[in-house]
Amino acid sequence: MHMEKPLYITTTLPYVNAEPHVGFAMEIIRADVIARYHESCGRDVFFNTGTDEHGQKLLADAEKAGVPVKEYVDRFAEKFRELAPLLGISDTVHFIRTTDTHHEFAAQEMWRKCDAAGYIYKKNYEAKYCVGCELEKTDSELDENGRCPIHPNKDLEIINEENYFFAFSKAASLLEKLYAEKPSLVVPDFRFNEMKAFLSRGLQDFSISRLKSKMPWGVAVPGDDAHVMYVWFDALTNYISTLGWPQSIEASHEGDTEDLYEKFWVNGEKVQYCGKDNTRQQSMMWQAMLLAAGLPTTDTVVIDGFINSGGQKMSKSLGNVIRPAEVIALFKDASQFPEDVLRFVLLHDIPSFEDGDMTLDSVSRSYMTYLANGIGNLTSRIMKMATSYGVTISEAVPVYMPEVAVQFANYDLTLGMKEIQSRVSTIDEKIAVYQPFKTIKEDEAKAKLQVEELLIDLRQVAYTLSPFLPRTAKEILLLIRENKMPEKPLFGRLS
RNA sequence: CGCGGGGUGGAGAAGUGGUAUCUCGCAAGGCUCAUAACCUUGAGAUCGUCGGUUCGAAUCCGGCCCCCGCAACCA
């Protein structure tokens, strides 16, 4: 097997002003599955996630809560850090916070590079401001009379302040070239087409700073004490600051001379996962920043859809928000692997690239059909025969189901999951055809061969399942190796 | 003409030119290895609508009618 390039894979960084959302859970789980898969194939993998912690909203929220802002974000960052083990994310995941000192330094270095290349300039920023809401309003946020819909009796103030801008328009030709050079930069195709269409309509420069006097919660703009960076400019830099860029800080205090940035960002394959709301930021703005700074661009931005519930967008006001912990809690009595249940429904029931739907009801149904009656029951029936008839199989190099391996290349994990599911179904049918429990009475040797074949099938299913449902897969492989029945059902019935 | 997604048996979905598939539910049968599970068979869809292209369209093209995102908590 030839040595493949090291793989860098990252999620976006969730903004820490709310409880972890199931949409983010899906994003990090999908990235985790990819990371685990490539790791098991022998590749060096750097898997990144973290938290985005600057900006107006957090400052306001902290003030409202009467807590110093740093303390406030520390609290939330901890909740997100705890999310990873809860979701069964690989413990090799790196966690970057945009309030980390070395990240802030990196964001400033990114600014300097873009500035030195002539991509940053200062100009007047004009915005409409509603004193009722105490917020800037864009035209699209105003009603048909050009007034704030919440405070239609108050006149809008026009505010005028000097901001730094990123010369997005100047990067247009570089982006065009990039899009031509990397035909699978954005997956799926239709998202890439959206970006190409957006690019062809012309780019507007965007503001990348805020007046510190009004909004101090941000990274200082190098050389200008009056401004802090707008949260996007700072946050996007995390994808390389996590690797120690611009200096390999991680290397220096571990006495390890390996330069992670060089290894993964310069010489590796770079993959980013994000939700569809982030398409433009990841596949245009961030790429433009990298191009401006003269740094290598991302190789693939994989974009997944949103999760609705009961046909509607999840919202607090509708009360249909599903939190990841809630789903896990629902199965903690029925199964030893409740986090694998969440992983399963997100990976199997939600399409890889389009919007999906999920309710506590649909989750339970899916659990019963595919986990309890599917893989769980199949494991019990095969292991029962294997243990009663004393059939074992010798250790062998496990191989992924080829039809699933193909889907990793396409980032279509949902289809991969369905391939595994259909294989489970095929094995159930095979048992009905072979009827080893009958054969054993007439021809013991033949029955044992049949069960051996079933064990080999089960082992391949379990091995293929391991990036998706790591704990479940590990348990099944262990049962096969030790020739044991599950002590209790892998996925028990819901009471 | 702002951008995008979608309308397929009772419910939820798959399916981008060639006999309409899966899950749930329903009906009948089988099996007993298994978590009252599993297997087989059946009933049930004029694939939103009108028109066009084609030997042939859910699938391609055009018109129309609905639903949902993109703007607030929120990915």
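Keep in mind it's a predicted model, so treat the numbers as computed, not measured. Here is the naming used below: chain letters follow the sequence lines, and residue numbers restart at 1 for every chain.
For A/Ser366 (side chain) and A/Val363 (main-chain N/O), no donor-acceptor pair under 3.5 Å exists by modelled atom type. Without hydrogens or angle criteria, A/Ser309 side chain to A/Met314 main chain gives no donor-acceptor distance under 3.5 Å. Between the side chain of A/Thr414 and the backbone N or O of A/Ile350 there is at least one donor-acceptor pair closer than 3.5 Å. At distances below 3.5 Å, at least one donor-acceptor pair connects side-chain atoms of A/Glu326 with backbone N or O atoms of A/Arg323. Using modelled atom types, no side-chain atom of A/Tyr411 and backbone atom of A/Arg30 make a donor-acceptor pair closer than 3.5 Å. Proximity of a side-chain donor or acceptor of A/Asp357 to a complementary backbone N or O of A/Gly311 within less than 3.5 Å is detected. The main-chain N or O of A/Gln282 is found under 3.5 Å from a side-chain atom of A/Gln287 such that the two form a donor-acceptor pair.
An OP1 or OP2 oxygen of B/U32 is reached within less than 4.0 angstrom by a side-chain nitrogen or oxygen of A/Lys438.
Within residues 57-72 of chain A, the residues having any heavy atom closer than 4.0 Å to RNA chain B are, in order of number, A/Lys57. A heavy-atom distance below 4.0 Å to RNA chain B is reached by these residues of residues 299-314 of chain A, ordered by number: A/Phe306, A/Ile307, A/Lys313, A/Met314.
The side chain of A/His21 lies closest to B/A75 when the candidates are B/A75, B/C38, B/G4. In this structure, of B/U35, B/C74, B/G4, it is B/U35 that holds the atom nearest to the side chain of A/Ala372. Proximity note for A/Tyr370 (side chain, C-beta onward) versus B/C31, B/C39, B/U23: the nearest is B/U23. Listed nucleotides B/C73, B/C33, B/G69 differ in distance to A/Met385; the shortest reach to its side chain belongs to B/C33. Checked against B/C38, B/U35, B/G4, the side chain of A/Arg381 finds its nearest nucleotide in B/C38. For A/Asp277, the side-chain atoms get nearest to B/A75 when compared with the rest of B/C24, B/A75, B/C39. Among B/C33, B/U35, B/C24, the nucleotide with an atom closest to any side-chain atom of A/Arg365 is B/C24. Listed candidates were B/G69, B/U40, B/C3. Nearest to the side chain of A/Glu429 is B/U40. Proximity note for A/Pro489 (side chain, C-beta onward) versus B/G4, B/U35, B/G69: the nearest is B/U35.
Side-chain contact between A/Val186 and A/Ile303 is present, with at least one heavy-atom pair separated by less than 4.5 Å.
Atom CG of A/Leu360 is separated from atom C1' of B/G12 by 16 Å (rounded to the nearest Å). Between the CG atom of A/Leu371 and the P atom of B/U35 there is a distance of 17 Å, rounded to whole Å. In this structure, A/Ile431 atom CD1 and B/U40 atom C1' are separated by 16 Å, rounded to whole Å. In this structure, A/Leu378 atom CG and B/C33 atom P are separated by 16 Å, rounded to whole Å. Atom CZ of A/Phe80 is separated from atom C1' of B/C74 by 11 Å (rounded to the nearest Å). In this entry the distance linking CZ of A/Phe353 with P of B/G4 reads 20 Å, nearest Å. Between the CG atom of A/Asp412 and the P atom of B/A14 there is a distance of 12 Å, rounded to whole Å. Rounded to whole angstrom, the span from the CG atom of A/Asp428 across to the P atom of B/C31 amounts to 18 Å.
For RNA chain B, the stems formed by at least three consecutive Watson-Crick or G-U pairs, with both atom-pair distances below 3.5 Å, span B:2-7 with B:65-70, B:10-13 with B:21-24, B:26-30 with B:38-42, B:48-52 with B:60-64.
Between B/U21 and B/U40, the two P atoms lie 15 Å apart (nearest whole Å). Taking atom P in both B/C3 and B/G63, the straight-line distance is 13 Å, to the nearest Å. Spacing between B/U35 and B/G29 at atom C1', rounded to whole Å, works out to 23 Å. The same atom, P, is picked in B/G15 and in B/G9; the two are 16 Å apart, to the nearest Å. Across B/G7 and B/G48, the matching C1' atoms stand 6 Å from one another, rounded to whole Å.
A salt bridge between A/Glu78 and A/Arg75 is absent, with no side-chain N of the basic residue lying under 4.0 Å from a carboxylate O of the acidic one. A/Lys448 and A/Glu444 are joined by a salt bridge, as a carboxylate oxygen and a charged side-chain nitrogen come within less than 4.0 angstrom of each other.
Across all strands, A/Thr369 comes closer than 4.0 Å only to sugar-phosphate atoms, never to a base (heavy-atom distances). Among the heavy atoms of the strands, none lies under 4.0 Å from A/Asp349.
Both A/Gln435 and A/Glu354 sit near RNA chain B, but only A/Glu354 has its closest nucleotide nearer the 5' end. Nearest-nucleotide mapping onto RNA chain B: of A/Asn373 and A/Pro20, the residue sitting toward the 5' end is A/Asn373.
For A/Phe408 and A/Phe468, the ring centers are positioned less than 6.0 Å apart. Side-chain rings of A/Phe192 and A/Tyr179 approach one another, their centers coming within less than 6.0 Å.
Here A/Glu354 contributes atom CD and A/Arg191 contributes atom CZ; the two are 8.0 Å apart, rounded to the nearest 0.5 Å.
Side-chain contact, A/Thr242 with A/Asn48: a donor N or O sits under 3.5 Å from an acceptor N or O.
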